[in-house]
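Below is one structure, written out as structure tokens; comments come after it.
Residue numbering restarts at 1 for every chain, and letters A, B, ... go by the order of the sequence lines.
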Amino acid sequence: MENLLIEFLSNTGFALADYRNIIMILVGIIIIYLGVAKQYEPLLLVPIGFGMLIGNIPVIKDFGLGIYESGSFLNYVYYGVTHDIYPPLIFLGIGALTDFSTMLARPVLMLLGAAAQIGIFTTFLGALAIGFPPNEAASIGIIGGADGPTAIFLTAMLAPRLIGPIAVAAYSYMALVPVIQPPIMRLLTTRKERLIRMEEPREVSKKEKIIFPIVGFLLCCFLAPAALPLLGMLFFGNLLKECVVVERLAKTARTSLIDIVTILLGVTVGASTQADVFLTRQSIGIFALGAFSFAIATASGVIFAKIMNLFLQKKINPLIGAAGVSAVPNSARVVQMVGQKEDPTNFLLMHAMAPNISGVIGSAIAAAILWSFMSL
Amino acid sequence: MFGFEAIIAHDGVGISVIGISIVFVGLVLLSFAVSRIHKLIELWDKKNTSYQRVKKSQQKDQKTLSVSDLTVPQDVRRASRQFKLLIEWMGEPFPLPKLLDLSRKCGLSSPHSTINEFIKCKLIIPDENGYYIWNKQLEEKRSST
């Protein structure tokens, strides 16, 4: 009986844990705290944080419990991440949630979404320079797209072993947009520029909204066919929303479906950060490059908006360039917040949504391009 | 391999330059397409409106034609009396070639164009069996005005 008790105790988490598990559990608790108390992207951070707790409970190897052990519950659910099932489904939900009106009203603002993707390619170069192989460098670069599903999509294709750190870095930085972006935005703009008021966007007809997802899909996917799973679902979701006749499907896509997939994605991505896989020097490099990527993407958007102002008759507020880094709608909210600090009556949110949404499209195209290049 | 050497070895600069260019091209094309959509819709709507306007005016024309008994030219009115007598003699319904032939024999002036005018102003109408009849209703209406 004594042996039985000793054997049981030696198999408990207390006996199996090492300092790395404790570190990761603490990180998980911090992430839950940020989601709950600070409300930084709670829909993502709470599942990811709890997933980190799940993934870092030390368990006996080959017991069929860990996320990397085939046949375990977590391993089955993780299949959706490693085989690129969840990201397109999330895009379907995003499409069904998003109103493209402001972008359709002033399409020139889409260029800001393209400019922000400079961060992806700059970070790709940075990652190559510090010794990452090209496929991993591409996966790290995509963090700058500030789009969790896109980052997971590309990493699952190019560097599956880095899904954990890259996904956590992408989602953490997305959640930390209100902390990372404002200093860069203020640094690159003058007060006068931050006070610029933008003209009211024109009204967009229903016909335009219905035609756009079809035209957008055809155009983008003919240009970058590798973006098909992501953009196909995004535009399909938007068509469901706009055509009105399939309201039931649109409602499911923007509520139940996206919620279920977010739970599964968040928990498994969190659980994939097992200490022995996650706590490596590479992960530190990925986090550092991710922050760099985010900063460059934000700066590129703002600077490009200033360049556009040199040619535009109706000036745009350069702050909205920062919204080019996808992170829908967080970065648009940050633009609104920074703009209102200068002038509480200046409403930039709806204007910022245009580059914000085009950033989603841009980052998906960028991911498709990187995937194509790495597969050649 | 590290630094610039690694970037060059993996063609990093080429990938980045081409990559960002494609992203820009994609979004520029999309932005251009989007900026045209509402104009195309406007054009389409305009086309539809003008088509409907033309259709309406055609219908209006047809309506006026149906009461065109009020605007039958004087010379046709005069000729109609003679043709009516011929038709009464022939009996209804009658074939057009027979009316034409008979009017020629009777020496009526330009019978072909006159019969054509009758058909246009619906004084002579088809009976749906390949023959024609004299539109008495129209004639009554005309005489009442």
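- For Ala137(A), no part sits under 4.5 Å from any heavy atom of chain B, backbone or side chain.
- At a 4.5 Å heavy-atom cutoff, the contact between Leu370(A) and chain B is made by side-chain atoms alone.
- Looking only at distances, a side-chain donor or acceptor of Arg202(A) sits under 3.5 Å from a matching main-chain atom of Leu104(A).
- Under the 30°/60° scheme for interplanar angles, the aromatic rings of Phe212(A) and Phe235(A) are found to stand perpendicular.
- Under a 4.0 Å N-O distance rule, the pair Glu42(B)/Arg36(B) does not qualify as a salt bridge.
- Note: Ser31(B) leads Ser35(B), Ala6(B), Ser31(B), Ala33(B) in heavy-atom pairs under 4.5 Å with chain A.
- With a 4.5 Å cut-off on non-hydrogen atoms, Leu223(A) touches chain B through its side chain but not through its backbone.
- More than 12 heavy atoms of other residues, nucleotides or ligands shown are found within 6.0 angstrom of CD on Glu88(B).
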**OP:** Mind running side chain to side chain contact (heavy atoms under 4.5 Å, CB included) on Leu99(B) and Ile124(B) for me, showing each step along the way?
**Re:** CA-CA 11 Å; Leu99(B) 178 65; Ile124(B) 290 176; 3.9 Å; yes
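- Of the listed residues (Ile130(A), Val108(A), Thr122(A)), the greatest number of heavy-atom pairs within a distance under 4.5 Å of chain B belongs to Ile130(A).
- Remark: side-chain polar atoms of Asp127(B) are not paired, donor with acceptor, to backbone N or O of Ile133(B) under 3.5 angstrom.
- Of the atoms belonging to Leu128(A), heavy atoms from both backbone and side chain fall under 4.5 Å from chain B.
- Proximity to chain A (any heavy atom under 4.5 Å) is restricted, for Ile41(B), to the side chain, taken from C-beta onward.
- Most heavy-atom pairs under 4.5 Å with chain A: of the set Ala9(B), Gly26(B), Gly19(B), this distinction falls to Gly19(B).
- Under the 3.5 Å distance criterion, the side-chain polar atoms of Lys306(A) are matched with a main-chain donor or acceptor of Leu188(A).
- In this structure, chain B has a heavy atom under 4.5 Å from the side chain of Leu219(A), while its backbone stays farther away.
- Neither the backbone nor the side chain of Phe217(A) comes within contact range of chain B; no heavy atoms are under 4.5 Å apart.
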